[in-house]
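For this chain, numbers begin at 1 and follow the sequence in order. Worth saying up front: this structure is predicted, and the values here are computed from it rather than measured. For ligands, and for the atoms within them, numbers begin at 1 and follow the listed sequence.
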Amino acid sequence: MVPDEWSIIEDSFHPEYNEITESLMSLGNGRMGQRGNFEETYTGKSLLGNYVAGVYFPDKTRVGWWKNGYPAYFAKVINACNWIGIQVEVEGQLLDLYTCRIEAFRRVLDMKRGVLERECTVEMPTGNRLTIRSQRFCNMVDDESGAIRYTIQPLNFNGQITITPYLDGNIRNRDANYDETFWNEIQKETSFAQGILVLETKPNPYGVEQFQVATGMRFDITVNGKRLDFHSHPIRNEKYVAGKVPLKLNERDELTVYKYATNLSSSNHSAGELIPLTKAYLERITKKGYDVLYHEHTQAWAEKWERNDIEIKGDLEAQQGIRFNIFHLQQTYTGEDETLNIGPKGFTGEKYGGVTYWDTEAYCIPFYLSASGQQVARNLLIYRYRQLGKAIENAEKLGFSGGAALYPMVTMNGEECHNEWEITFEEIHRNGAIAYAIYDYIRYTGDEAYLSEYGLEVLIAISRFWRQRINWSEHKKKYVMLGVTGPNEYENNVNNNWYTNYIAAWTLRYTLYAIEYVQKNGDATSIFSKINFDSESEPSAWQKIIDGLHFPYDEVRDVFLQQDGFLDKELLTVDQISEHRPINQKWSWDRILRSCFIKQADVLQGLYFFEDDFDLGTLQRNFDFYEPMTVHESSLSPCVHSILASRLGMKAKAYEMYLRTARLDLDDYNNDTEDGLHITSMAGTWMSVVKGFAGQRVQDGVLVLDPYLPASWESYSFRIGFRGVTLTISVDRDSIRLVNPSDQSVALKIKGTQEDFVGEKVLNLIDQEIVR
Ligand code: BGC
């Protein structure tokens, strides 16, 4: 990809990388998403991807050895009706780029405007030469629609070109447990230059809602800029509607198709209304016309960038990388709908099923809090509140009781979808991240009222789970938590994972605080009676666990141990096994499990979350012990190490880790970009800059900043929203400049000095030497 500040550019066609490019050039608007597929037929390597937010199919679980407690299905966001398709025939021959000689090719994702563009000149096997220019977007304003401008120009012939814009529901998921299709046709309609196709997800035996999606299209045609009176012959096939338009063109004529499309689903509209609503939607957007839609859409992106951009000078690749991350986060989740969430791949591929993981709470919330605002982050918390009942049911299925909640590892509607015992049953630290996000949100926004409204019920339910999951060890005379998997999934079924124990004890402590807060400031009595809470016995049992929980520790090195017995391993460092990496592809699972190598931040994840509980010496010792053993084979890992390294003044290390996260997908670092992008870890990249290089945190309602400039950059600047104010922070070699343009002051602590800040301020930056 060509380095560029605002765009991702493929300047010659590489069919061998096409699926990677399609992932990178995905578009979305929070409601629908679309991989960077071609509009016309393409028979080469391609992963077609059209996704509608909130629409999924419960695919029957497939495992080799069934274990009681496994979920019956895996909910996956499914490939939906293809709305971008425009079939082109030239003198009776199908235009297929795969069979053409490509003379020139350029595909550009314009991140500033949220638009995908392509220009190519091709020679068909018949010798006919053509130029194709296309531009499309998933509309950020009318967010259930997209629009395409598709131009074709014959270069060396006069002849017949037939254009067939279509909607095609004969779609498969590459990821289907039983290789079946997921859609049935319900209804279709065609009229002049318009088509509507209503598809429904197939019935399922799990009582999971079936979704209907109405995809609509309307098109218009111009030749040499003039609107054409054309005849469109409707085509109606099984799960397919189209309008076929044969035209006679002269050499150099420019034929342009404007295709407007909508995706309305029963997840946010009533199923019976979908056809009339689609007609009205199509009417509305086509009336606006392409140019107005384009203008409104690009305006919406300009406003997003105004608030969210991070500008880096002196390092073009870093600039491109960070904008790429922010762009995809903004188009994956806009926060307007509390039933939606952020899948690890967003709308860019099928892997992970498009469902919700702990990634949202641990990684994404800080980004959306600061970049999109309080309400957006709040909706992400309410998503989990709405699923509390299911989390309690989920815990009951595993044998817990009394209102204990275990949130799923992977979910769409609140029900667990993960089906590997060591993760489904054991990777329970996810529960802690959901509690932590409540704390993180309140710490950032000051919205303590959230506790009475929603937060406390969730906290109590999670604390009830920890109480039952932890047991007293007569042998150790301590409370212990057995048989868990920490964030480091390269260890399973371990006892006393330090991180999980720490977040469990922390949840119990925070819940006790929340109870006290709501007792003083809210209606604790009605919450207690709603959930049958015993305000005497439950808190006292929790307190005993807080006081008596076991935390593995090595007195010699003075570090926390990832789990009991960790020191029995052969303690090697990653540089001793460089030829074996990535170990998840080169080693047997057995070897991985017995090794000391760590997939992703584990103890260090805890030190990052709970940094105020530990001094710098403790952080340094643990970082020095664990970082050399960490292989970072989860994309969620390097950002945590980068932030901690920044805190420790290890600037070179912080930058090395930052680079691994910032261009992970652009440079296909993990060799898996073709499956889709690592959307949730993109929030980690943002955190590496804002929380890492700029040292942003919130302590007692005060916004703390402690910025430094990475050695290879000339400057960087970014905006953050904090308690109703948008601050601009700019850092260059000599100074830090802060601007609060509002008349509302912000409690700010910068480089150790606290004040109520409003207006503008410049500080000299005496950049400390690289400490290590
Ligand atoms: C990581 C998990 C993460 C999941 C989805 C896995 O590889 O180990 O921590 O939740 O990917 O991003």
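Here the shortest heavy-atom pairing between His328 and Ile679 reads CB-CD1, 3.8 Å. Of all non-hydrogen atoms in Phe74 and Tyr352, the two that sit nearest each other are CZ-O, 3.9 Å.
When only modelled atom types and interatomic distance are considered, Asp143 and Asn29 share no side-chain donor-acceptor pair under 3.5 Å.
Listed by chain and number, residues touching ligand 1 at under 4.0 Å (heavy atoms only) are Pro344, Tyr352, Tyr357, Trp358, Asp359, Glu489, Lys599, Gln600, Ser634, Leu636.
Residue pairs satisfying the ring pair (Phe, Tyr, Trp, His ring centres under 6.0 Å) criterion with at least one member in residues 666-688, sequence neighbours excluded, are listed as follows: Phe367-Trp686.
Listed by chain and residue number, nothing satisfies the side-chain hydrogen bond (donor to acceptor under 3.5 Å, both in side chains) test with Asn671 (two or more places apart in sequence, or in another chain). When the side-chain hydrogen bond (donor to acceptor under 3.5 Å, both in side chains) test is applied to Arg378, the partners found at least two apart in sequence or on another chain are Tyr441, Asp447, Glu453.
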